Asker: 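First the structure, then my questions, so here it is.
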Amino acid sequence: MNEEVLTEFNKQQFQQDLLSWYYQHKRDLPWRQDQDPYKVWVSEIMLQQTKVDTVIPYFYRFIDKYPTVYDLAAADEQEVLKAWEGLGYYSRAKNLQTAVREVVASYGGVVPANPKELGSLKGIGPYTRGAILSIAYNQPEPAVDGNVMRVISRILKIEEDIAKVKTRNIIEKEVREIISKDDPASFNQAIMDLGSSICTPKAPACTFCPIQEHCRAYADGVQDELPIKSKAKKQKKIPYIALLIKNENNEYVIEQRQDSGLLANLWQFPMVPIDEVGRKDLENWVFSEYGLKVKIKEHKGNLKHVFSHIIWQLEIYEAETINVASEDQRLRFVNIHEIKGYPFPVSHQKMMKYLSE
DNA sequence: AACACGGGGGC
DNA sequence: GCCCCAGTGTT
């Protein structure tokens with residue numbers, strides 16, 4: 001026997017150790033009540049780049065409001081966005097509804113059970129495709145997310161940068177090799193559960209790990225060095241003056257953002273990009289941009305809001321205007337009760353504490 | 001291959 | 001502050 005054989009990966013034992021642990025410790029999550037492909041789908045979209053604890057209340061409300069693909073397909077887009085408010089990455093909501101409408105129109109309301117059709121739907125990439133096929137349809141397909149990349153790169157001691165597409169593909173291929181054919185749904189979810197509770201990014205709890213004896217990183221004492229991941233670049237700061245513009249009826253001006261890009265179609269208080277406009281021309285700019293004659297009043301406070309790629313620095317000012325019949329369909333005057341019906345980004349929800357009757 | 005795209009939580 | 005999170009679409 002050579003050394004290669006001694007360190008060879010014991011697939012059967014690995015599966016058994018992982019799955020027994022999972023059957024004993026799996027969390028009772030709302031999307032694990034049944035295997036309804038639509039519910040699995042909704043949960044997987046919500047869980048993209050988002051923690052389980054954050055998703056749970058959104059998932060309950062969303063499924064309560066849109067229990068089937070038909071309900072979501074028929075829903076009003078703004079209401080869907082309102083249901084998504086605060087969850088972030090709002091294109092997920094738009095893409096989900098687009099895809100659900102496609103399922104109703106082209107697949108008789110049945111979520112496709114094959115990789116090609118499923119993966120062609122808007123918002124369903126390699127991860128979500130694998131997650132739905134394995135969890136809802138019991139197919140032995142990899143579902144490689146951040147957890148899986150971390151766990152597998154440690155288990156197999158893969159020292160490639162997991163930020164690279166190539167590495168993701170390597171890991172997907174490895175998972176295809178070692179996935180349980182008997183219970184692929186549990187296998188994929190087991191690795192994700194393990195990644196969130198034991199095989200954590202920092203200080204993994206290797207002493208409690210059910211697959212410790214299969215872990216090459218642990219064997220070599222390098223579990224804290226893996227996975228290797230290149231750093232994201234620093235966010236650029238963008239200063240704005242945000243305006244709480246009130247008219248004589250105690251209504252505030254809100255505007256709808258454009259239908260693509262950052263926070264697409266959400267509503268906000270008018271913001272002036274200071275770097276482009278300058279402070280001197282502020283009121284002129286507001287008039288040219290919105291057709292509103294405003295008078296800047298009191299400085300109410302400052303707000304910093306961090307996105308994944310930029311940072312907004314908001315200076316908040318109160319302002320006054322007179323009611324005008326604006327041509328701009330994306331502009332509205334609303335009172336502090338009506339405002340609650342519009343989907344707002346968190347940054348502007350924080351500004352609402354400065355509103356007054 | 002790089003970047004845009006939210007928000008929250010751990011340390 | 002930095003890093004991470006059940007990623008995908010666009011360029």
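Naming: A, B, ... by sequence-line order, numbering from 1 per chain. None of these values were measured; they are calculated from a predicted model.
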Asker: Using OP1 and OP2 only, check whether a side-chain N or O of Gln48(A) sits under 4.0 Å from dA6(C).
Answerer: no
Asker: Counting any heavy atom closer than 4.0 Å, what does Ile162(A) reach on the DNA or RNA strands: base, sugar-phosphate only, or nothing?
Answerer: nothing
Asker: So that I can tick it off, tell me whether Glu79(A) and Lys65(A) are bridged by a salt bridge, with the cut-off set at under 4.0 angstrom between side-chain N and carboxylate O.
Answerer: yes
Asker: Taking the same atom, C1', in dT8(C) and in dG9(B), what whole-Å distance lies between them?
Answerer: 23 Å
Asker: Taking everything shown except Ile336(A) itself, do over 12 heavy atoms lie less than 6.0 Å from its CD1?
Answerer: yes
Asker: Give a yes/no answer on whether the side chain of His309(A) brings an N or O atom under 4.0 Å of OP1 or OP2 in dC3(B).
Answerer: no
Asker: Going by distance alone, is a donor N or O of one side chain under 3.5 Å from an acceptor N or O of the other, for Ser180(A) and Asp183(A)?
Answerer: no
Asker: Is it the case that dG7(B) (base atoms only) and Ser308(A) (side chain only) share a donor and an acceptor within less than 3.5 Å, ignoring hydrogens and angles?
Answerer: no
Asker: With respect to the phosphate group of dA4(B), does any side-chain polar atom (N or O) of Tyr89(A) fall under 4.0 Å of OP1 or OP2?
Answerer: no
Asker: Between dG7(B) atom P and Asp53(A) atom CG, what is the distance in whole Å?
Answerer: 19 Å
Asker: Between Tyr127(A) and Glu44(A), do the side chains contain an N or O donor and an N or O acceptor separated by less than 3.5 Å?
Answerer: yes
Asker: If you look at every strand shown and take non-hydrogen atoms under 4.0 Å, does Gly195(A) touch a base, only sugar-phosphate, or nothing?
Answerer: nothing
Asker: Would you please confirm or rule out a distance under 4.0 Å between OP1 or OP2 of dG7(B) and any side-chain N or O of His305(A)?
Answerer: yes
Asker: Base, sugar-phosphate or nothing for Arg27(A)? Non-hydrogen atoms, less than 4.0 Å.
Answerer: base
Asker: State which of dA6(C), dG8(B), dG6(B) makes the closest approach to the side chain of Thr54(A).
Answerer: dG8(B)
Asker: Which sits closer to the 5' end of DNA chain B, Phe344(A) or Val165(A), going by the nucleotide each is nearest to?
Answerer: Val165(A)
Asker: Closer than 4.0 Å, any side-chain N/O of Lys304(A) to the OP1 or OP2 of dG1(C)?
Answerer: yes
Asker: Here's a test of your reading of the structure: between Gly261(A) and Lys202(A), which maps to the more 5' nucleotide of DNA chain B?
Answerer: Gly261(A)
Asker: Rounded to whole angstroms, how far apart are CD on Gln268(A) and C1' on dG6(B)?
Answerer: 14 Å
Asker: Separation of Ile191(A) atom CD1 from dA6(C) atom P, in whole Å?
Answerer: 13 Å
Asker: Should we count CD of Gln33(A) as having more than 12 external heavy atoms under 6.0 Å?
Answerer: yes
Asker: CZ of Phe187(A) versus P of dA6(C): gap in Å, rounded?
Answerer: 16 Å
Asker: Looking only at atom C1', what distance separates dC11(B) and dA6(C), rounded to whole Å?
Answerer: 22 Å
Asker: Does the distance from a Lys or Arg side-chain N to an Asp or Glu carboxylate O, for Arg332(A) and Glu255(A), drop under 4.0 Å?
Answerer: no
Asker: Which string of ( ) [ ] | and . matches DNA chain B, if you list each base 5' to 3' and count Watson-Crick or G-U pairs only when both distances are under 3.5 Å?
Answerer: |||||.|||||
Asker: C1' atom, dC5(B) versus dC5(C): distance in rounded Å?
Answerer: 15 Å
Asker: When rounded to the nearest Å, what value does the distance between C1' atoms of dG8(B) and dG9(C) take?
Answerer: 23 Å
Asker: Given atom CZ of Arg154(A) and atom P of dC4(C), what is their separation to the nearest angstrom?
Answerer: 10 Å
Asker: Give the rounded distance in Å between these two atoms: CD of Glu172(A) and P of dG7(C).
Answerer: 14 Å
Asker: Do the side-chain N and O atoms of Ser230(A) and Asp161(A) include a donor-acceptor pair separated by under 3.5 angstrom?
Answerer: yes
Asker: Could you tell me which residues satisfy ring-ring contact (aromatic ring centres under 6.0 Å, His included) with Phe307(A), sequence neighbours excluded, listed by chain and number?
Answerer: His305(A), Trp312(A)
Asker: Side chain of Trp31(A) only, heavy atoms from C-beta on: which candidate in dA6(C), dC4(C), dG6(B) is closest?
Answerer: dA6(C)
Asker: Quick check with a 6.0 Å cut-off and a 45 degree axis cone: is Arg61(A) positioned over the face of Tyr58(A)'s six-membered ring?
Answerer: yes
Asker: Distance-only, no hydrogens or angles: does the Asp145(A) side chain make a donor-acceptor pair with backbone N or O of Val148(A) under 3.5 Å?
Answerer: yes
Asker: Indicate, with a heavy-atom threshold strictly under 4.0 Å, whether Val52(A) touches base, sugar-phosphate, or nothing.
Answerer: base
Asker: Could you tell me how far apart Arg150(A) (CZ) and dC3(C) (C1') are, to the nearest whole angstrom?
Answerer: 11 Å
Asker: Quantified in whole Å, what is the P atom distance between nucleotide dG6(B) and nucleotide dT11(C)?
Answerer: 15 Å
Asker: Can you tell me how far C1' of dG7(C) sits from CH2 of Trp41(A), to the nearest Å?
Answerer: 16 Å
Asker: Considering only heavy atoms, which members of residues 119-142 of chain A lie under 4.0 Å from some atom of DNA chain B?
Answerer: none
Asker: Select base, sugar-phosphate, or nothing to describe what Leu263(A) touches, counting heavy atoms under 4.0 Å on all strands.
Answerer: sugar-phosphate
Asker: Considering every strand and a 4.0 Å limit on heavy-atom distances, what is the contact class for Arg168(A): base, sugar-phosphate, or nothing?
Answerer: nothing
Asker: Nearest 0.5 Å please: distance from the CG atom of Leu331(A) over to the CH2 atom of Trp267(A).
Answerer: 8.0 Å
Asker: Do you know which of Arg32(A), Lys26(A), Arg27(A) makes side-chain hydrogen bond (donor to acceptor under 3.5 Å, both in side chains) with Gln189(A)?
Answerer: Arg32(A)
Asker: Check whether any side-chain N or O of Arg92(A) sits under 4.0 Å from OP1 or OP2 of dG9(C), and answer yes or no.
Answerer: no
Asker: Counting only side-chain N and O atoms of Lys231(A), is one of them less than 4.0 Å from OP1 or OP2 of dC3(C)?
Answerer: yes
